[in-house]
Amino acid sequence: MRGKLVIAMVGLPARGKSTMAKKLSRTLELDGVKTRIFNNGELRRRMSQELGNTSHATFFSPDNPEGVAFREKIAATNLESARQFLSDIGDVAIMDASNVTQKRRRIIQETFPAFPVLFVECMNADDEALEANLERKTDLKEFSHYTKEEALASFLKRIHYYESIYEPLTLEPNRILVDSFESCILQEKVTCQVPYYDRIRDILTTRVVRNLFLVRHGETYFNLEDRIGGNSELTEKGMDQAKTLAEHFATLRIPIIFTSNHKRTLQTAEAISERQDHCSIIALPEFNEIHGGICEGMTYTEIRDKMPEISRARALNKYHYVYPGGEGYKTMEERVHRGLKKVFYLNNYDENIMIVGHRAVNRMILSKFLSRQEEEIPFIYMPQDRYYHIQIDPHKRIFELIPYSSTLT
Ligand code: F6P
C-alpha cells in the first residue's frame with residue numbers, strides 16, 4: 001500500500017505558496033498519486049456570502065474576533081474535507097493556507113494522527129519579484145471594487161496582520177523551507193518516514209513549463225529599415241500581425257503576458273490581451289532587447305560601412321561580442337535568466353504563459369530550454385510570423401514552431 005501524506009503550506013501571502021501547491025498537486029497526479037488541494041482563500045471567497053465582503057484588510061486583523069472565528073471555521077471545514085479525502089481514495093492532501101501560527105499547525109497535526117504531516121514554508125527574499133507579485137494580486141477579482149492603489153494598500157495591510165502573528169517553522173517534526181523565487185531548498189528536517197519525499201523535493205526545485213508561448217513582437221518601422229535597437233512602434237503590418245496573433249490565441253486562456261518595456265512588445269501584447277477575458281500585461285526590463293550601445297538606431301549596413309571593426313569582431317564571435325557602451329548575448333544572459341525566474345514566480349503555475357519579446361532576447365530565453373552550444377544561440381531562427389510553443393514536464397517534452405499568417409505582406 002502506498003503511504004498517505006498531508007502537505008501543509010506555510011508562509012505570508014504572495015510568497016508563492018499556491019503556485020508550489022499546484023505544481024506539487026499536478027506533478028504527483030501525473031505520477032498516479034491521488035492528490036487534492038484544500039485552499040482556504042478560495043473557500044473564504046466562496047463562503048463570503050455569510051459575512052459579505054471578506055477581502056478588506058481588517059477582516060484579517062488578529063484583533064477582529066468575527067474575522068478570526070470565520071477563518072477558523074474555513075480552516076476546520078477544509079481540514080474535515082481533507083480528512084475525508086484521505087480516509088477515502090486520497091493519497092496526498094495539500095492544505096494551501098498561510099498556516100502562520102504554531103497553534104494552527106498543531107491543529108493540522110492533531111487532525112491527522114495517523115498520517116505524517118510535511119510543512120512546506122515558502123519565502124522570497126527578492127523584493128522586486130515580491131513587489132511585482134503584489135501588483136499582480138491587485139488585479140484579482142476580489143479587489144475589483146478598489147482602485148489599484150487602494151487594493152495594494154489593503155493587501156499590504158493584510159500582509160502586515162499576518163506578519164504580526166507569524167511564527168516560522170521550528171518545532172514541526174517534518175519541514176522544508178523553500179525559496180520560491182530561486183526554486184531552491186534552504187532548510188529541511190524530516191524525522192519520520194514521509195512518503196514521496198524525494199519526489200516532493202524534486203518538484204519543489206524544478207521549474208516546469210506547462211505551455212510557454214514565446215512570441216516575437218510584430219514588424220516595426222525600424223525592422224523595415226533593418227535598424228537595430230530603439231523604441232520603434234509597430235507598422236500597419238505589425239499591428240495586423242498582432243491582431244492575427246490575438247485571433248489565434250482567442251480561444252486559449254492567457255492570464256498574463258510578459259513583455260519588455262519597449263513599445264513594440266507592449267503594442268503586440270495589448271492587441272492579444274484585448275481578445276482575452278481577463279489578461280494582465282507585466283513588463284519586465286529583463287526582457288528588453290539587446291542594447292546596441294553606440295550602434296543603437298543604426299542599420300547593419302551603416303555599421304558595416306562606418307564601423308567595420310565592430311561588424312568584423314561581432315561576426316567572429318557573436319555570442320561573446322559586446323557592443324561598445326552596450327551589451328552582448330553573453331552579458332544579457334544573467335538578466336534574461338532573472339526575467340524567467342520572475343515569470344515562473346509570477347505566473348501562478350497557470351496553464352499558459354506568454355512572453356512577447358525580441359529577436360536576441362527570445363533566443364536567450366529559448367536557449368534556457370534547449371541544449372544549444374553558445375555559438376549557436378545568436379543564430380536561432382526567430383521570425384515574426386511564427387511563435388515557439390514549449391512544454392516541458394516530467395512526462396512530456398514539446399518544442400514546436402507554429403506559423404500564424406497575417407493577411408498583409
Ligand atoms: O533587428 C531587430 C533586433 O531585435 C535588434 O534590435 C537587435 O539588435 C537584433 O535584432 C538582434 O539580432 P542580432 O543579434 O542577430 O543582430
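First listed ligand is number 1; within each ligand, the first listed atom is number 1. Residues take their numbers from the sequence shown, with the count starting at 1.
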Show, in sequence, the C-alpha distance, side-chain angles and deciding distance for Met95 and Phe119, and conclude whether the side chain to side chain contact (heavy atoms under 4.5 Å, CB included) test is met. CA-CA 9 Å; Met95 310 312 303; Phe119 290 95; over 6 Å; no
With atoms numbered from 1 as shown, which atoms in ligand 1 lie under 4.0 angstrom from a non-hydrogen atom of Ile290? 7 (C), 8 (O)
Take every heavy atom of Tyr300, measure it against each atom of ligand 1, and state whether any distance is under 4.0 Å. yes
Below 4.0 angstrom from a heavy atom of Arg314, which ligand 1 atoms are there? Numbered from 1 as shown, please. 13 (P), 14 (O), 16 (O)
Location of contacts on Arg363 toward ligand 1, heavy atoms closer than 4.0 Å: side chain
Walk me through whether Arg105 and Leu171 qualify under side chain to side chain contact (heavy atoms under 4.5 Å, CB included). CA-CA 10 Å; Arg105 299 195 290 262; Leu171 306 174; over 6 Å; no
Part of Met298 within contact of ligand 1 (heavy atoms, under 4.0 Å): neither
Atom 15 (O) of ligand 1 sits nearest the protein heavy atom Lys318 NZ, 2.7 Å
Heavy-atom gap Gly292 to ligand 1 smaller than 4.0 Å: no
Do Lys157 and Phe60 come within less than 4.5 Å of each other through their side chains, counting heavy atoms only? no
Any idea which protein heavy atom is nearest atom 1 (O) of ligand 1, and the distance to it? Arg359 NH2, 3.3 Å
Measuring from non-hydrogen atoms of Met382 to any atom of ligand 1, is the shortest distance under 4.0 Å? no
So is there a nitrogen or oxygen of Asn223 less than 3.5 Å from a nitrogen or oxygen in ligand 1? no
Quick one: does Tyr319's side chain get under 4.5 Å of Gln373's, heavy atoms only? no
In terms of ring plane angle, is the pair His262 and His358 parallel, tilted or perpendicular, where the classes change at 30° and 60°? perpendicular
Could you verify whether a donor N or O on one side chain and an acceptor N or O on the other, from Thr220 and Asn223, lie under 3.5 Å apart? yes
Could you go step by step and tell me if Leu118 and Leu5 meet the side chain to side chain contact (heavy atoms under 4.5 Å, CB included) rule? CA-CA 8 Å; Leu118 174 65; Leu5 173 68; 4.2 Å; yes
Fit a plane to each ring of Tyr387 and Phe249, take the angle between them on a 0 to 90° scale, and name the class: parallel (under 30°), tilted (30 to 60°) or perpendicular (over 60°). tilted
Which residue supplies the protein heavy atom nearest to atom 7 (C) of ligand 1, what is that atom called, and how far is it? Glu289 OE2, 3.5 Å
Is there a side-chain contact between Glu167 and Lys103, using heavy atoms and a 4.5 Å cut-off? no
For Ile228, is at least one N or O under 3.5 Å away from an N or O on ligand 1? no
Heavy-atom contact under 4.0 Å between Tyr329 and ligand 1? yes
For ligand 1, is there an N or O atom under 3.5 Å from any N or O atom of His358? no
Return yes or no for this condition: an N or O of Tyr323 is under 3.5 Å from an N or O of ligand 1. no
So which heavy atom in the protein is nearest atom 6 (O) of ligand 1, and how far is it from that ligand atom? Gly229 N, 2.7 Å
So, Glu327 versus His291: side-chain donor-acceptor pair below 3.5 Å or not? no
